[in-house]
Student: 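Dropping a structure here in structure tokens format, bear with me for questions.
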Amino acid sequence: MASLNVGNLGNLGEYLREQRRNAQLSLRQLADAAGVSNPYLSQIERGLRKPSAEVLQQVAKALRISAETLYVRAGILDAERDRDDVETRAVILADPSLNERQKQVLLQIYESFRKENGFGTDAEEAAPTQDAAAGDAAGGADSIPGPGARTAGGGEP
């Protein structure tokens, strides 16, 4: 059978297959976790189907990876727009050595630095209480310091 890969679909399928294998999930397990059919997921992985943003979000959630990364690979988001931001978020979210709370705190700190440097993101506008959440989440004994713990300029005496 000839390949019907169109544009980014092959890239998306290869990436999904790689992420599924890294997560040590079978095609059937991922399909069940994402709430899609096994044959449909197989067709996505082979580049034969273009999934909706909603399906990509469900798959990303099941794989515990960034939906934004899948959107870029599927051509839903412009690949050049904020590529570094998307990739950085994906790496943070995929890091198996961090727990979910630590990942969220790290993303919040990252977003606050981007905003401070004039590179605000849409995600910040969707979650206006991030700084408070970061401070609260970072309060545990085994966590990293919260964003208010020290300032880059040395803080006030």
Student: Heavy-atom count check: over 12 atoms from other residues, nucleotides or ligands less than 6.0 Å from Gln57 CD?
Tutor: no
Student: Do you know the tightest heavy-atom contact between Asp95 and Ser97?
Tutor: OD1-OG, 2.5 Å
Student: Supply the atom-to-atom distance Leu12 CG to Leu56 CG, rounded to the nearest 0.5 angstrom.
Tutor: 6.0 Å
Student: Can you tell me how far apart CZ (Arg46) and CG (Leu41) are? Round to the nearest 0.5 Å.
Tutor: 10.5 Å
Student: Can a donor-acceptor pair be found between the side chains of Arg73 and Thr69 at a distance below 3.5 Å?
Tutor: no
Student: Does some side-chain heavy atom of Val59 sit less than 4.5 Å from a side-chain heavy atom of Ile44?
Tutor: no
Student: Using a 6.0 Å cut-off, check whether atom CD of Gln24 has over 12 heavy atoms from anything other than its own residue.
Tutor: no
Student: Determine the minimum heavy-atom distance between Leu93 and Lys103, stating which atoms define it.
Tutor: O-NZ, 2.8 Å
Student: Report, one line per pair, each donor and acceptor closer than 3.5 Å where one atom sits in a side chain of residues 27-35; sequence neighbours left out.
Tutor:
residue: Gln29; atom: OE1; partner: Ser26; partner atom: N; Å: 2.7
residue: Gln29; atom: OE1; partner: Ser26; partner atom: OG; Å: 3.4

Student: Quick check on the hydrophobic clustering: are Ile109 and Val91 connected, directly or via other members, by side-chain heavy-atom contacts under 4.5 Å?
Tutor: no
Student: Say whether, by atom type as modelled, one donor and one acceptor occur between the side chain of Glu14 and the main chain of Asn11 under 3.5 angstrom.
Tutor: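 No.
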Student: Could you tell me whether the side chain of Leu25 reaches within less than 4.5 Å of the side chain of Leu63, counting heavy atoms only?
Tutor: yes
Student: Would you compute the distance between atom OG of Ser66 and atom CD of Gln19 and round it to the nearest 0.5 angstrom?
Tutor: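 It comes to 10.5 Å.
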Student: Rounded to the nearest 0.5 Å, how far does CG of Leu107 lie from CD of Gln104?
Tutor: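 Nearest 0.5 Å value for the CD-CG distance: 5.5 Å.
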Student: If you measure from CG on Leu16 to CZ on Arg21, what distance do you get to the nearest 0.5 Å?
Tutor: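 Here the rounded value is 11.5 Å.
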Student: Looking at Pro51 and Ile76, what are the two nearest heavy atoms and their distance?
Tutor: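 Taking Pro51 first and Ile76 second, the nearest heavy atoms are O-CD1, 4.5 Å.
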Student: Rounded to the nearest 0.5 Å, what separation is found between the CD atom of Glu111 and the CG atom of Leu106?
Tutor: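 If I round to the nearest 0.5 Å, the distance is 10.0 Å.
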Student: Are the side chains of Ile65 and Tyr15 in contact, using a 4.5 Å heavy-atom criterion?
Tutor: yes
